[in-house]
Protein chains: 2
Amino acid sequence: MFDNFRKYLSDKGEFSISDFDYIESFASIKKLRKKQYLLQEGDVWKHLAFVSTGLLRSYYVDTKGYEHIMQFASENHWTGDRESLITGITSKFNIEAIEASEVILFKNVDFIKLRNEIPALNDFVSRITNKNVLALEERIYANITLSAEEKYLNFLKQHPHISNRIPQHMIASYIGISPETLSRIRSNTTKK
Amino acid sequence: MFDNFRKYLSDKGEFSISDFDYIESFASIKKLRKKQYLLQEGDVWKHLAFVSTGLLRSYYVDTKGYEHIMQFASENHWTGDRESLITGITSKFNIEAIEASEVILFKNVDFIKLRNEIPALNDFVSRITNKNVLALEERIYANITLSAEEKYLNFLKQHPHISNRIPQHMIASYIGISPETLSRIRSNTTKK
DNA sequence: AAAAACTATTGACATTTGTCAATAAATGGA
DNA sequence: TCCATTTATTGACAAATGTCAATAGTTTTT
């Protein structure tokens, strides 16, 4: 049940067996069917969520009713709503399972405690936060720099492991182009 | 010389007078003329930089020679190259003063030490990193969601204090549209 | 197995945005 | 003050992308 999680953590930091046991004593498991929500707009998010299997998406719904995907979270990635978590305000977006998924949840208060008690965990969180910032900056750079086609190719390069598990129109949403444009891009590039 | 910096820090955390003195003992001041560089592509960045007065920009130059602005940093903001700092690799972008500016520099090794010694400083850095992530996410949302005009209006809303200190074509670059398009947007919206 | 829901493709066309070029206006230095 | 540089505007046109609508294919559910 925690196999993936342990493997993931041992990859990322120096944890002892008792660290694992202790950390896991605060974890709870949530199984999600396809299309089931982990978080819905209007809820307050108070957890940290590690995806041990499956694939989720976070998306906003704009005033015209269109969805805009902010994040895909596959196995060994974290998801949640940082804004809601930090500020305590109600969430503006939804997190939904694209595939049946298993998620490990930590209450934020527990996790803060764990970070204070286990320096290796604290270091690890700092490190992935930093990596997260770099990834966000790269995404912004792609957004302001690339054409629709280049954005798509860049997406494939950045997310090779999950690109074939995501419906095309969701990739279009993530990179900020229309699904029709993406369809045409693909039929052009595969021709070549 | 450190007046702004002290005011800024006291706003953001619980620091004692001796904390200030101690922190500042590791600081160095760098004055930049307009158009002078704080960092150039190819350098390795090893500092943290707090802008006490003035305004800087960080930008990439793409393969076609076009500049793409990733960040504006005005007084009471931080700048630098996180990627280069963390990984030790050579920087891919430039940081240049748009206005004559004064910057407070900390060597990364010193700053890490300070964070370990002063919990309030460490907390404060975590907090602004979190806020930074939220800001980056908002920028991505704007990028994938808004039209050129909406991107511009959104920029004005997000950066009211600096928008009139930045040449238009740099705003265009930051939001990822051509300078001509931005000029037309402005002549349209001011007509209304 | 059939129906429903979701996903992808395609055409026709509209709209947005970019490109190139010329010019004007503003700014900064010598 | 004058010259050079930077910045902004505008027109004409091209290219990229979006929109709407129809259809087909695929997957999921009952």
Side-chain angles (χ1 to χ4, degrees), chain A residues 32-36 54-55 57 59 61-69 72 94 96-101 142-156 162-191, chain B residues 32-36 54-55 57 59 62-69 72 96-101 142-156 162-191:
Chain A
L32 296 164
R33 299 181 314 279
K34 197 172 173 171
K35 297 208 177 167
Q36 199 177 343
L55 177 60
R57 65 196 256 252
Y59 66 94
V61 181
D62 71 19
T63 45
K64 288 168 201 146
Y66 293 111
E67 298 179 356
H68 302 278
I69 297 180
F72 296 112
N94 306 281
E96 186 204 56
I98 294 178
E99 303 170 355
S101 303
N143 274 328
I144 66 177
T145 304
L146 304 179
S147 68
E149 177 169 2
E150 291 166 331
K151 282 175 191 158
Y152 175 61
L153 296 174
N154 180 254
F155 179 87
L156 296 183
I162 54 169
S163 59
N164 44 11
R165 291 159 62 186
I166 301 170
Q168 260 185 58
H169 68 274
M170 291 189 187
I171 296 179
S173 170
Y174 182 90
I175 62 181
I177 68 176
S178 72
E180 293 93 338
T181 294
L182 180 52
S183 173
R184 284 184 244 264
I185 283 168
R186 295 197 30 164
S187 72
N188 284 340
T189 49
T190 51
K191 253 179 227 156
Chain B
L32 295 165
R33 299 183 312 280
K34 196 173 175 174
K35 296 207 177 166
Q36 201 178 344
L55 178 59
R57 66 196 256 253
Y59 66 94
D62 71 18
T63 46
K64 287 167 203 146
Y66 292 112
E67 297 178 357
H68 302 279
I69 297 179
F72 295 113
E96 187 204 53
I98 294 178
E99 302 170 355
S101 304
N143 275 326
I144 66 176
T145 305
L146 305 180
S147 69
E149 176 167 3
E150 290 166 331
K151 282 176 191 158
Y152 175 62
L153 297 174
N154 179 254
F155 179 86
L156 295 183
I162 54 167
S163 59
N164 43 11
R165 292 158 62 187
I166 302 171
Q168 260 186 60
H169 68 273
M170 291 190 188
I171 296 178
S173 170
Y174 182 90
I175 62 181
I177 68 176
S178 73
E180 293 93 337
T181 295
L182 180 51
S183 173
R184 284 184 244 264
I185 283 167
R186 295 198 31 167
S187 73
N188 283 340
T189 49
T190 51
K191 253 178 228 159

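The sequence lines fix the lettering, A, B, ..., with proteins before strands; numbering per chain opens at 1.
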How many angstroms lie between atom [atom1] of [X] and atom [atom2] of [Y], to the nearest 0.5 angstrom?
{"X": "B/N188", "Y": "B/R184", "atom1": "CG", "atom2": "CZ", "result": "9.5 Å"}
{"X": "B/E149", "Y": "B/S147", "atom1": "CD", "atom2": "OG", "result": "6.0 Å"}
{"X": "A/I144", "Y": "B/K151", "atom1": "CD1", "atom2": "NZ", "result": "10.0 Å"}
{"X": "B/L55", "Y": "B/M170", "atom1": "CG", "atom2": "CE", "result": "9.0 Å"}
{"X": "B/I175", "Y": "B/Y152", "atom1": "CD1", "atom2": "OH", "result": "8.0 Å"}
{"X": "A/I69", "Y": "A/H169", "atom1": "CD1", "atom2": "NE2", "result": "7.0 Å"}

Check your understanding: Within a strict 4.5 Å, meaning less than it, do heavy atoms of the B/I185 and B/I177 side chains meet?
Key -> yes
**Study point:** Heavy-atom check, side chain of B/I166 versus side chain of B/F155, under 4.5 Å
**Key:** yes
Tell me the interatomic distance from [X], atom [atom1], to [N], atom [atom2], rounded to whole angstroms.
{"X": "B/E149", "N": "C/dT15", "atom1": "CD", "atom2": "P", "answer": "16 Å"}
{"X": "B/K151", "N": "C/dT16", "atom1": "NZ", "atom2": "P", "answer": "14 Å"}
{"X": "B/N188", "N": "D/dT10", "atom1": "CG", "atom2": "P", "answer": "10 Å"}
{"X": "A/E67", "N": "C/dC6", "atom1": "CD", "atom2": "P", "answer": "11 Å"}
{"X": "A/Y152", "N": "D/dA16", "atom1": "OH", "atom2": "C1'", "answer": "18 Å"}
{"X": "B/I185", "N": "D/dT9", "atom1": "CD1", "atom2": "C1'", "answer": "14 Å"}
{"X": "A/I98", "N": "C/dT7", "atom1": "CD1", "atom2": "P", "answer": "9 Å"}
{"X": "A/K35", "N": "C/dA4", "atom1": "NZ", "atom2": "P", "answer": "16 Å"}

**Study point:** Helix axis bend for the helix from C/dA1-D/dT30 to C/dA30-D/dT1 - C1'-based end axes, five pairs, 10° rounding
**Key:** 50°
Review point. Between B/A142 and B/N154, what is the shortest heavy-atom contact and its length?
Key: CB-OD1, 3.7 Å
**Study point:** Residue among B/R165, B/K35, B/R57, B/K34 satisfying side-chain contact (heavy atoms from CB on, under 4.5 Å) with B/I98
**Key:** B/R57
**Study point:** Nucleotide-resolved protein contact map, nucleotides 18-30 of chain D, B/S/- at heavy-atom distance under 4.0 Å
**Key:** BBBB------S--
Study note, to complete from the structure: Residues of residues 167-174 of chain B with a heavy atom under 4.0 Å from any atom of DNA chain D, listed by number, are B/P167, B/Q168, B/H169
Point to revise | Main-chain N/O of A/L156 paired with A/S163 side-chain donor or acceptor, under 3.5 Å | key: no
